[in-house]
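Quick note: numbers below take in every heavy atom, side chains included, and nothing from hydrogens, waters or symmetry partners. Residue numbers start from 1 in every chain, and the chains themselves are labelled A, B, ... in the order their sequence lines are given, proteins ahead of strands.
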There are 2 protein chains.
Amino acid sequence: MAGIKDVAAEAGVSVATVSRALNGHPSVSPAARARVLAAVAALGYRPNAVARSLRTDQTRTLGLVISDVLNPYFTSLARAVEEEARALGYSVIIGNADERPELQDHHVRTLLDRRIDGLLLSPTDPGSPLIPDAVRAGTPIVFVDRWVPGVQVPVVRADGRGAVADLVGHLLGLGHRRLAIIAGPAATTTGSERVDAFRAALREHGVALPDAYIGQGDFQAESGRRAAERFLDLPEPPDAVFAADNLMALGALDAIRARGLTVPGDIALAAFDDIPWFVHTDPPITAIAQPTEELGRAAVRALVERIGGHSPDSVTLPARLVVRRSCGASGPVEEPHTAAPIAHPHPHPHTTVRRSNP
Amino acid sequence: MAGIKDVAAEAGVSVATVSRALNGHPSVSPAARARVLAAVAALGYRPNAVARSLRTDQTRTLGLVISDVLNPYFTSLARAVEEEARALGYSVIIGNADERPELQDHHVRTLLDRRIDGLLLSPTDPGSPLIPDAVRAGTPIVFVDRWVPGVQVPVVRADGRGAVADLVGHLLGLGHRRLAIIAGPAATTTGSERVDAFRAALREHGVALPDAYIGQGDFQAESGRRAAERFLDLPEPPDAVFAADNLMALGALDAIRARGLTVPGDIALAAFDDIPWFVHTDPPITAIAQPTEELGRAAVRALVERIGGHSPDSVTLPARLVVRRSCGASGPVEEPHTAAPIAHPHPHPHTTVRRSNP
DNA sequence: CTGAAAGCGCTTACAG
DNA sequence: CTGAAAGCGCTTACAG
């Protein structure tokens with residue numbers, strides 16, 4: 001593989017001039033630049049990014065540690081992150097924690113060892129000591145989606161409270177009274193916030209959320225299945241279940257079907273996070289949609305600002321309820337707290353979109 | 001950030017000894033090793049992977065360029081790849097080509113600039129000159145899923161011919177006669193092979209595949225929608241549609257529903273690539289399942305062999321048909337070419353699994 | 001505008 | 001068993 005020395009020899013200049021020509025340094029004569037470019041083309045030279053990084057102390061690389069690559073939500077997030085990063089001249093290396101603390105640490109450590117310029121993190125394990133360590137060491141970090149309270153790092157996330165309140169109103173309006181939730185790990189912010197929002201909204205309507213109606217999941221399909229089974233084994237099973245992510249909703253659907261029960265006939269089902277397939281499930285599933293792409297882009301912009309030495313603000317974007325048929329006959333839709341409906345990426349005759357209040 | 005010199009000073013040894021102690025070199029006295037380890041712990045030292053890579057000329061990193069991160073097939077593949085790579089001591093950097101040739105080239109180039117030790121590639125653009133260039137330059141490469149004919153590189157993929165033949169038998173057995181396919185780009189191997197297999201299987205049964213029944217897609221949902229619409233506009237629309245990937249199947253389903261038609265009542269639908277959601281769509285979708293995890297692992301093993309200087313063989317694993325209800329009343333299932341059914345990851349009352357012949 | 005030289009943080013023959 | 005020194009491929013003050 002041709003190195004900068006080969007190019008210099010071929011062009012009849014010093015390596016310094018080659019470097020300057022390639023990096024657009026102004027003080028290179030047009031003649032020298034032309035010879036360098038010709039030599040580069042002739043040799044098929046490509047600068048060694050490893051050497052350059054060592055010298056410049058920057059890798060032009062961002063790390064992104066997500067909780068689960070098999071979750072379409074994180075996958076869309078990753079795609080948006082990569083796009084925005086590329087637009088700003090950065091590469092991104094994705095680490096998949098698979099909802100496992102050790103794996104999160106493994107990836108964070110590996111990324112740090114590679115001297116990424118900044119880290120985008122959606123903590124699976126908010127208790128990992130690596131996080132405050134990295135912050136203290138001065139590594140630019142931004143949390144996306146999930147965050148760690150108390151750690152001084154900008155957070156880019158969606159606020160689902162309004163949408164959850166809309167969902168609860170929707171469920172109660174359809175006559176459901178025994179509302180249950182399959183929660184994510186309480187240690188994660190998205191795990192606890194969604195239950196809190198659900199409980200708060202129920203309280204507004206004077207409805208309680210008994211412990212038996214809080215299933216403990218881990219954001220994976222299997223846990224959704226188990227939680228749903230436990231609900232169905234109750235002497236008085238819930239008549240509506242809200243899964244805190246799309247994978248647990250899938251698991252819950254599996255469990256409900258396995259008992260020969262139907263949605264929404266026997267039990268209503270709704271999910272946090274909207275995905276294209278929800279339009280085509282039987283029945284189409286009512287979900288809370290996050291502005292995923294915007295979150296990914298905003299997170300990258302914030303991180304790049306941090307890398308630039310600034311202190312970007314946290315960003316919170318609203319989520320919104322997308323009503324389909326999984327909670328009961330749609331009937332005449334009453335707009336919950338607001339007016340204008342928003343277009344949904346997958347228009348469907350049975351879909352109604354509602355925006356939560358700001 | 002503490003460097004190796006700081007550790008050496010703290011431990012009272014030379015940087016050479018620190019390096020040896022950290023890399024498990026045998027000739028380090030227990031005493032020195034202990035002092036080094038203590039110093040490392042005290043300073044929170046982490047070796048700079050960039051510097052190490054520059055010196056050793058290896059990054060212990062694999063590149064993986066996939067065609068579309070939003071496609072669950074590639075996402076599972078990526079997960080399996082990362083797992084196996086990690087087990088073998090490698091990191092992986094994923095590049096998403098998004099089915100766009102320029103993006104594929106961008107990622108291949110970036111990965112090569114970073115001096116990855118080897119590249120796993122599922123070519124979106126088989127015509128890219130970067131591929132033969134890299135092969136010529138000696139970069140270890142292995143193709144996964146898709147490949148480029150004529151390029152001397154091991155290929156790890158699934159052979160869907162048996163399963164497609166099973167599917168055609170299944171469709172004809174249910175009384176469908178006008179079978180259509182939504183194909184991927186003819187330039188990609190998976191794009192052309194699936195049509196070829198479909199056409200060959202039809203010919204076996206004396207059925208023709210008219211041009212009008214070959215929809216040209218690009219493996220994205222939107223193209224599936226358009227192709228399905230064109231089919232439905234035909235004076236004699238097909239009575240069964242086979243989408244060459246799961247995203248085009250989603251698009252086709254959208255289009256069929258938008259016309260107020262039902263599956264399989266008005267038209268049958270099947271897809272290449274099985275995904276968990278196919279169990280819960282309305283109706284559950286008959287699909288051809290690839291052994292995705294095995295493919296990912298085998299690809300990594302082959303690539304690591306290549307990096308080790310060996311010449312691994314190509315690997316071809318069989319795909320299999322998973323019958324659900326989207327092609328018509330399931331009725332008594334006749335096993336097509338073989339005997340034993342295989343367990344499916346998502347057992348479901350309406351699912352029957354068939355293995356294609358070897 | 002250009003080149004010689006130092007140096008980024010490691011690893012590894014070489015000599016002892 | 002250990003250290004001094006060279007060198008991986010670049011970039012960048014410094015001097016001219």
(request) Scan V108(B), V142(B), L303(B) and name whichever one has a side chain to side chain contact (heavy atoms under 4.5 Å, CB included) with L119(B). (result) V108(B)
(request) Return the value, rounded to whole Å, for the distance between atom CG of L43(A) and atom C1' of dG9(D). (result) 15 Å
(request) Sugar-phosphate means primed atoms, P, OP1 and OP2; the rest is base. With that split, encode nucleotides 11-16 of chain C 5' to 3' as B, S or - using protein heavy atoms under 4.0 Å. (result) BBBB--
(message) My understanding is that only residues two or more places apart in sequence, or in another chain, count here; which of them pass side chain to side chain donor-acceptor pair (under 3.5 Å) with S128(A)?
(response) D105(A)
(request) Send over the distance from Q58(B) CD to dC10(C) C1', rounded to a whole Å. (result) 13 Å
(message) Between dG16(C) and dT12(C), how many Å separate the two C1' atoms, rounded to a whole number?
(response) 16 Å
(message) Rounded to whole Å, how long is the line connecting atom CG of D113(B) with atom P of dC10(D)?
(response) 10 Å
(request) Please name the residue in the list D245(A), D125(A), T124(A) that meets the side-chain hydrogen bond (donor to acceptor under 3.5 Å, both in side chains) test with S67(A). (result) T124(A)
(message) Using whole Å, what does the distance between atom P of nucleotide dG9(C) and atom CG of D57(A) come to?
(response) 7 Å
(message) Which helical stems does DNA chain C take part in, if a stem means at least 3 consecutive Watson-Crick or G-U pairs with both distances below 3.5 Å?
(response) C:1-3 with D:14-16, C:5-12 with D:5-12, C:14-16 with D:1-3
(message) Test your reading of the model: is there a side-chain donor-acceptor pair from T17(B) to the backbone of V13(B), 3.5 Å cut-off?
(response) no
(request) Tell me, with the steps shown, if D145(A) and Y73(A) meet side-chain hydrogen bond (donor to acceptor under 3.5 Å, both in side chains). (result) CA-CA 10 Å; D145(A) 183 48; Y73(A) 166 73; 3.2 Å; yes
(message) Run the side chain to side chain donor-acceptor pair (under 3.5 Å) test against T292(A) and tell me which residues pass, sequence neighbours left out.
(response) none
(request) Remember a base hit wins even if backbone is also touched, and classify N48(B) as base, sugar-phosphate or nothing at under 4.0 Å, heavy atoms. (result) sugar-phosphate
(message) Pair D113(A), R52(B) - check salt bridge (charged side-chain N to carboxylate O under 4.0 Å, His left out), show working.
(response) CA-CA 10 Å; D113(A) 287 355; R52(B) 187 202 299 253; over 6 Å; no
(request) Search all heavy atoms of L247(B) against all heavy atoms of P72(B) and return the closest pair with its distance. (result) CD2-CD, 4.5 Å
(request) Report yes or no: does R306(B) contribute a side-chain atom to a donor-acceptor pair with the main-chain N or O of P140(B) at less than 3.5 Å? (result) no
(message) Using whole Å, what does the distance between atom C1' of nucleotide dG9(D) and atom CZ of R46(A) come to?
(response) 15 Å
(message) Let's see if you get this right: which residues in residues 27-37 of chain B place a heavy atom under 4.0 Å from DNA chain D?
(response) S27(B), V28(B), S29(B), A32(B)
(request) Figure out the CZ/C1' separation between R115(A) and dC10(C), and round it to whole Å. (result) 11 Å
Kindly list each side-chain donor-acceptor pair under 3.5 angstrom involving residues 86-93 of chain A, sequence neighbours excluded, with atom names and distances?
unit_1 : atom_1 : unit_2 : atom_2 : d
R86(A) : NE     : E82(A) : OE1    : 3.4
R86(A) : NE     : E82(A) : OE2    : 3.1
R86(A) : NH2    : E82(A) : OE1    : 3.0

(request) Measure from NZ on K5(B) to C1' on dA5(D) and round the result to the nearest Å. (result) 13 Å
(message) If we count only N and O atoms by modelled type, under 3.5 Å, do the side chains of R114(A) and T59(B) hold a donor and an acceptor together?
(response) no
